Amino acid sequence: METFQAQLAQKLSDALAVAELPNAGDVTPATDARFGDYQSNAAMILAKQRGENPRKIAEKILAHLDVDLLADKPTVAGAGFINFTLRAEAIAKQAGELLRDDRLGVARSTSPKKIVIDFGSPNVAKPMHVGHIRSTVLGDALARIATFLGHDVIRDNHIGDWGTQFGMVIWGWKHLLDRQALARDPIAELVRLYKETNERSTSDPAVRDACRQELVKLQANDPENFSIWKECVDLSMKEFERAYEVLDIHYDVQRGESFYNDRLPDVVERLLKSGIAEISEGAVCVFFRDIPELADKPAIIRKKDGGFNYATTDVATVDYRINDLNRDTIWIVTGAPQLLHFKQIFEIARREGYDTDFRHITNGNILGDDRKLMKTRSGGNVPLRDVLDEAIERARKIIDEKNPDLSDADKIDISHKIGIGAVKYADLSQYRMTDYVFSWDRMLSLQGNTAPYLQNAYVRVRSIFRKAGEPGPKIDKLILAEPAEINLAKRLCQFAEIVPQVLNDFRPNILATYLFELANSFHGFYEACPVLKSEEPARGSRLAICELTARVLQTGLQLLGIQVPEQM
RNA sequence: GCGCUCGUAGCUCAACUGGAUAGAGCGUUGGCCUCCGAAGCCAAAGGUUGUGGGUUCGACCCCCGCCGGGCGCACCA
């Protein structure tokens, strides 16, 4: 089953062939409803190539364009656009088929990839904070969508569990640890150890040296230090798991930086041997002299003290993903500050001969009311846990007010879905690169492009079925008469066109915008077209449209990692 | 200094990779509940897309120059 867009593109392509014109341009949704439903710029592109009159070419194409029963006779408009207006019968037929399709018309990719998506990447011994929301939620949504489109996806959490900070954490553990505090709030205690040790080491060279020694011992697999390190990692992971549970985010593998530790010497040796790396100022570096923007920015893969750093780890990580995980595509989702770093890493991989499809997917920041990075009143990072708890609390308050008669169990479930959904959606509904201002009132509003608004549209549909006493529609043959129901059905057919587009430039906000418009269309339908009170066959047809709306809303939100309540 | 990125209605954000008269929500103003959930819908007002040039049938989008914000530029991750 093909989308209208694909079908019309095929018709256009056929017409161009018959008219002996080269294939050009495309069919896209109309920019404005008054132009119909779809438009093509083929004639204007051909006109430019051939130096001819675009409207004349459009007429010529039209003479051979047979859209069959899909649309009314196409028209030429403006500078040479070809406009298509779908026929209600065609929309009814297509929507009917969607009802029978558990993929809602979304085609599987014709070239499935083996993708590893690296997202999340929290650091051990540090609390997760608001900043983690974006890359985590974005990566999760991309993973869900890629999977739905038929790609083979591995979700990898690249935990920051190795590095120089452990020298201080271990020293602090040995000298300053408060066991009771650790039991109460492990991460807070680890942070305290790190902070206090850090302060001491800056003022006391002896402490600084001692920390360095602890790190060396850890890297030499000293049993005591290793077990302290292990305990820190385990405590942190437990904390992370709790957040992922609340967020409904799950990983296939969680390979921390430590996992690659044994491989680092080989990486450096190999790169030196192949001449990709060289020694400069005592460090082992890779230079990119032929790439202007990297020309004076070498990647250091072994420090002059002999230690490895994160560039070394990331080269090893790339190897592992390609060779051990057998991936041909690597997506890394992180904040923008790491752009330069991954440019270097990808370039090193290319020099090693890998033709893997590397994508570094970056995102903007979450800002406070002052338009600066969101911070607590005291200036620290806002803990993720606090944000999630508050989201659920605020949702609960709204529910208590709007629908006090629900059972407590229902309220708990619903406030979780609404609160967490609101936080996720606020992020995903925006273009991933823009910095956005965090606002509880906006994200939890029932009006506008928000999760609660979409969830409410879903709940209204479900409510119709509850009232009807029927679980679903009895028919799947639609009869479309009212403009509002034609409009809604048309919208439903577009789901299959939208979902694949998200991966074009990794923009879940395209899907979010679509779902918002779908909910708008549904509400328009809801106002204009009585369902239960209408006569057959309109009643059955409208129930079927409702069913399809619910499924598209639910599936679409699910692809964004957002759950829907049955009532709210 | 160099590189990347962003600048769109009073506010918060879109604009499907160059398409037609730049769209939403909030806020403001005015309408709609004897009718499936008003947690909703309809309508109005609101713009020199930071700025100055250029490319072309057509530019928020591409190119060049400024202005302003953010981030990054050799051993922290």
Side-chain angles (χ1 to χ4, degrees), chain A residues 28-32 34-35 39 41 44-45 47-48 53-54 77-81 83 121 123 160 162-165 257 280-285 292-305 307-311 313-314 335-341 343 362 364-365 367 371-373 398-399 401-403 426 429-431 433-437 439 441-442 445-450 452-453 455-457 459-468 497-498 501-502 504-505 507 509-510 512-514 516-517 520 522-524 526-534 542 546 567-568:
Chain A
T28 56
T31 51
D32 193 302
R34 70 179 174 276
F35 301 131
Q39 63 186 44
N41 58 359
M44 289 178 291
I45 288 172
K48 185 173 231 170
N53 181 322
F81 289 97
N83 290 335
S121 316
N123 287 320
W162 203 250
T164 48
Q165 80 271 23
E257 292 166 346
S280 167
E281 296 176 28
V284 179
C285 306
E293 47 179 314
L294 296 179
D296 57 345
K297 295 173 174 52
I300 291 167
I301 56 170
R302 194 176 71 200
K303 303 184 282 185
K304 66 179 166 204
D305 68 4
F308 306 109
N309 62 12
Y310 78 134
T313 306
D314 280 346
Q338 299 197 53
L339 269 164
L340 175 62
H341 168 69
K343 215 171 254 182
T362 60
N365 300 313
L367 308 178
R371 293 209 68 102
K372 295 193 169 128
L373 270 186
I398 294 171
I399 293 157
E401 188 188 317
K402 302 274 187 189
N403 210 344
S429 59
Q430 249 134 147
Y431 177 55
M433 295 297 287
T434 39
D435 297 348
Y436 75 90
V437 177
S439 160
D441 290 340
R442 268 202 304 281
S445 167
L446 281 307
Q447 299 147 333
N449 192 5
T450 67
Y453 176 83
Q455 289 165 324
N456 179 52
V459 164
R460 285 180 99 180
V461 186
R462 302 308 306 162
S463 167
I464 290 176
F465 284 104
R466 264 198 304 279
K467 191 135 284 184
E497 296 170 3
I498 296 293
Q501 271 180 37
V502 172
N504 269 348
D505 195 30
R507 290 156 47 157
N509 67 308
I510 292 177
T513 302
Y514 165 78
F516 175 56
E517 287 169 352
N520 277 334
F522 170 72
H523 282 130
Y526 189 90
E527 299 285 328
C529 305
V531 177
L532 299 177
K533 285 176 183 131
S534 58
R542 286 174 181 176
C546 286
Q567 47 184 338
M568 62 192 273

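All values derive from a computational prediction rather than experimental measurement. Quick note on labels: first sequence line is chain A, next is B, and so on, each numbered from 1.
- Among residues two or more places apart in sequence or in another chain, the ring pair (Phe, Tyr, Trp, His ring centres under 6.0 Å) test is passed with A:Tyr526 by A:Phe522.
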Show each protein N/O and nucleotides 26-29 of chain B N/O combination with a separation under 3.5 Å, one pair to a line.
none

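- Using P as the reference atom, B:C71 and B:C66 are 22 Å apart when rounded to the nearest Å.
- Here the separation of B:G27 from B:U12, taken at their P atoms, is 15 Å to the nearest Å.
- Proximity note for A:Gln39 (side chain, C-beta onward) versus B:C36, B:A77, B:G19: the nearest is B:G19.
- Aromatic stacking of A:Phe35 on B:A20: satisfied, with centres closer than 5.5 Å and planes within an angle under 30 degrees.
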Could you go over nucleotides 54-59 of chain B and give all protein N or O partners under 3.5 Å, atom names and distances?
residue: B:G58; atom: O6; partner: A:Lys48; partner atom: NZ; Å: 3.0

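- Every residue meeting the side-chain contact (heavy atoms from CB on, under 4.5 Å) condition with A:Asp305, not counting sequence neighbours, appears here in chain and number order: A:Lys303.
- The aromatic ring of A:Phe81 stacks onto the base of B:A20, its centre lying under 5.5 Å from the centre of the six-membered base ring with the two planes under 30° apart.
- Not a single salt bridge (Lys or Arg N to Asp or Glu O under 4.0 Å) links A:Lys297 to another residue, sequence neighbours left out.
- Scored by the salt bridge (Lys or Arg N to Asp or Glu O under 4.0 Å) test, A:Glu527 finds no partners at all (sequence neighbours excluded).
- Comparing atom distances between the A:Phe516 side chain and each of B:A24, B:A14, B:A20 picks out B:A24 as nearest.
- Checking the phosphate oxygens (OP1, OP2) of B:U21, no side-chain nitrogen or oxygen of A:Arg34 falls inside 4.0 Å.
- The glycosidic torsion of B:U17 lies within 90° of 0, which places this base in the syn conformation.
- For A:Asn403, the side-chain contact (heavy atoms from CB on, under 4.5 Å) criterion is met by A:Leu406, not counting sequence neighbours.
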- So what is the 5' to 3' dot-bracket string for RNA chain B, if pairs are Watson-Crick or G-U wobble with both distances under 3.5 Å, crossing pairs use [ ] and | means the partner sits on another strand? (((((((..((((.....[...)))).(((((.......))))).....(((((..]....))))))))))))....
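- Take A:Asp32 and apply the salt bridge (Lys or Arg N to Asp or Glu O under 4.0 Å) test, not counting sequence neighbours, and it matches A:Arg34.
- Qualifying salt bridge (Lys or Arg N to Asp or Glu O under 4.0 Å) partners for A:Arg542, counting only residues two or more places apart in sequence or in other chains: A:Glu485.
- Under the side-chain contact (heavy atoms from CB on, under 4.5 Å) criterion, A:Arg507 pairs with A:Tyr431, A:Asp505, A:Asn509, A:Ile510, not counting sequence neighbours.
- With sequence neighbours left out, the ring pair (Phe, Tyr, Trp, His ring centres under 6.0 Å) criterion links A:Tyr310 to A:His341.
- Atom CG in A:Asn456 sits about 9 Å away from atom P in B:C41, given to the nearest Å.
- At a cut-off of 3.5 angstrom, counting only N and O atoms as typed in the model, there is no donor on one side facing an acceptor on the other between the side-chain of A:Asn309 and the base of B:A74.
- Taking syn as a glycosidic angle within 90° of 0, B:C33 qualifies as syn.
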- Message: Go through it in stages, so that I can follow the logic: the residues are A:Arg371 and A:Asp435, the test is side chain to side chain contact (heavy atoms under 4.5 Å, CB included), and I'd like the CA-CA distance, side-chain angles, deciding distance and then a yes or no.
- Response: CA-CA 9 Å; A:Arg371 293 209 68 102; A:Asp435 297 348; 5.5 Å; no
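- When the C1' atom is compared between B:A45 and B:C26, the two are found 15 Å apart, to the nearest whole Å.
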